[in-house]
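The structure appears below as structure tokens.
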Amino acid sequence: QVQLVESGGGLVQAGGSLRLSCAASGPNFRLHAMGWFRQAPGKEREFVAGISWGGGTTYYADSVKGRFTISRDNAKNTMYLQMNGLKPEDTAIYYCARGGRFSDGNPSLEYAFWGQGTQVTISS
């Protein structure tokens, strides 16, 4: 059974940094693309970043390019999101999700398994 658990959220001031982690249990983590999504109050969930199964290809939403970095450690069954230069508009619940097998992490993938989310709050 696939289980995804996010951690690392919190309250930081604008301009600060956070590193989110997504720990995966279940088989074949290394064979699947992974992604980060977020949902702010009153807004729809949106794609933030995706990474291919091997880690060599990444995708970012325009709003986070140059500030966020997605990575994965397949030996640890863990994915990360390093967030720098945080802005109040980054405030949201952040979710990790598992994409397709041998896929590249692009935002149009079907992401079938989701974590419970971690709250990120940026104060101005």
Side-chain angles (χ1 to χ4, degrees):
Q1 187 71 12
V2 177
Q3 186 174 13
L4 304 174
V5 179
E6 303 94 338
S7 62
L11 171 64
V12 298
Q13 289 187 330
S17 298
L18 283 173
R19 188 195 197 201
L20 304 184
S21 298
C22 172
S25 60
N28 300 324
F29 170 82
R30 64 184 179 86
L31 300 183
H32 290 265
M34 296 291 294
W36 286 100
F37 293 75
R38 68 186 181 186
Q39 187 166 19
K43 295 188 177 181
E44 293 187 355
R45 186 169 59 194
E46 65 175 355
F47 174 85
V48 175
I51 188 166
S52 62
W53 65 283
T57 301
T58 56
Y59 294 84
Y60 296 94
D62 287 343
S63 59
V64 307
K65 277 180 184 175
R67 300 188 297 123
F68 291 9
T69 303
I70 189 172
S71 62
R72 65 190 297 164
D73 185 338
N74 286 343
K76 295 182 178 180
N77 279 17
T78 303
M79 176 180 65
Y80 305 97
L81 186 69
Q82 178 67 43
M83 306 187 294
N84 299 328
L86 285 161
K87 305 175 181 180
E89 51 263 44
D90 294 318
T91 295
I93 299 174
Y94 283 70
Y95 300 90
C96 68
R98 195 183 84 168
R101 200 165 165 130
F102 302 122
S103 296
D104 65 358
N106 74 75
S108 63
L109 279 182
E110 178 182 354
Y111 287 86
F113 294 94
W114 296 80
Q116 293 300 304
T118 185
Q119 177 71 48
V120 171
T121 304
I122 312 303
S123 63
S124 58

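These figures come from a predicted structure and were not determined experimentally. The first residue in the sequence is number 1, and the count goes up from there.
A donor-acceptor contact closer than 3.5 angstrom is absent between the side chains of Tyr80 and Asp73.
In this structure, Tyr94 and Phe68 have tilted ring planes: the angle between them lies in the 30° to 60° band. The aromatic rings of Trp53 and Phe102 sit perpendicular, their planes meeting at an angle over 60°, well past the 30° parallel limit.
The minimum heavy-atom distance between Ser124 and Pro88, with the atom names listed, is CB-CG, 3.8 Å. Here the closest heavy-atom approach between residue Ser17 and residue Gln82 is recorded as CB-NE2, 4.0 Å. Taking all atoms of both residues into account, the shortest heavy-atom contact from Cys96 to Leu4 is SG-CB, 3.6 Å. Taking every heavy atom of both residues into account, Leu81 and Ala49 meet most closely at CD1-CB, 4.2 Å. Residue Leu109 comes nearest to Ala33 through the heavy atom pair CD1-CB, 3.8 Å, listed as atom of the first residue, atom of the second, then distance.
Within the cation-pi definition used here (under 6.0 Å to the ring centroid, within 45° of the axis), Arg67 does not qualify as a partner of Tyr60.
Remark: Met83 CE to Thr69 OG1 distance equals 11.0 Å, nearest 0.5 Å. For the atom pair CG of Asn77 and CG of Asn28, the computed distance is 9.5 Å after rounding to the nearest 0.5 Å. To the nearest 0.5 Å, atoms CD (Glu44) and CZ (Arg38) are separated by 14.0 Å. Separating the OG atom in Ser103 from the CD1 atom in Ile51 is a distance of 13.5 Å, to the nearest 0.5 Å. Distance check: Tyr95 OH to Cys22 SG gives 13.0 Å after rounding to the nearest 0.5 Å. Note that NZ of Lys43 and OG1 of Thr91 are 10.0 Å apart. Values are rounded to the nearest 0.5 Å.
Criterion: ILVMFWY side-chain heavy atoms under 4.5 Å apart, direct or through other members. Under it, Trp114 and Ile93 are part of a common hydrophobic cluster. Residue Val64 is grouped with residue Trp36 when hydrophobic side chains (ILVMFWY) are merged at heavy-atom distances under 4.5 angstrom, including chains of intermediate members. Put simply, Phe47 and Phe113 are part of two different groups of oily side chains (I, L, V, M, F, W, Y) that touch within less than 4.5 Å, one to the next.
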Run the numbers on Ser21 and Lys76 for side chain to side chain contact (heavy atoms under 4.5 Å, CB included), then give the verdict.
-> CA-CA 11 Å; Ser21 298; Lys76 295 182 178 180; over 6 Å; no
Please assess Val2 against His32 for the test side chain to side chain contact (heavy atoms under 4.5 Å, CB included), listing each intermediate value before the final yes or no.
-> CA-CA 12 Å; Val2 177; His32 290 265; over 6 Å; no
Please walk me through it: do Lys65 and Asp62 pass salt bridge (charged side-chain N to carboxylate O under 4.0 Å, His left out)?
-> CA-CA 5 Å; Lys65 277 180 184 175; Asp62 287 343; 3.2 Å; yes
Pair Ile122-Val12, side chain to side chain contact (heavy atoms under 4.5 Å, CB included): steps then yes or no = CA-CA 5 Å; Ile122 312 303; Val12 298; 3.3 Å; yes
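Aromatic ring centres of Phe37 and Tyr111: separated by under 6.0 Å.
Using a distance-only test at 3.5 Å, with no hydrogens or angles considered, a donor-acceptor pair links the side chain of Arg72 to the main chain of Phe29. Within the 3.5 Å criterion, the main-chain N or O of Thr118 finds no donor-acceptor partner in the side chain of Glu6.
Annotation for Gln116: atom CD does not count as buried by contact number, only 12 or fewer foreign heavy atoms lying within 6.0 Å.
By the 4.5 Å heavy-atom criterion applied to side chains, Met79 and Ile70 are counted as neighbours.
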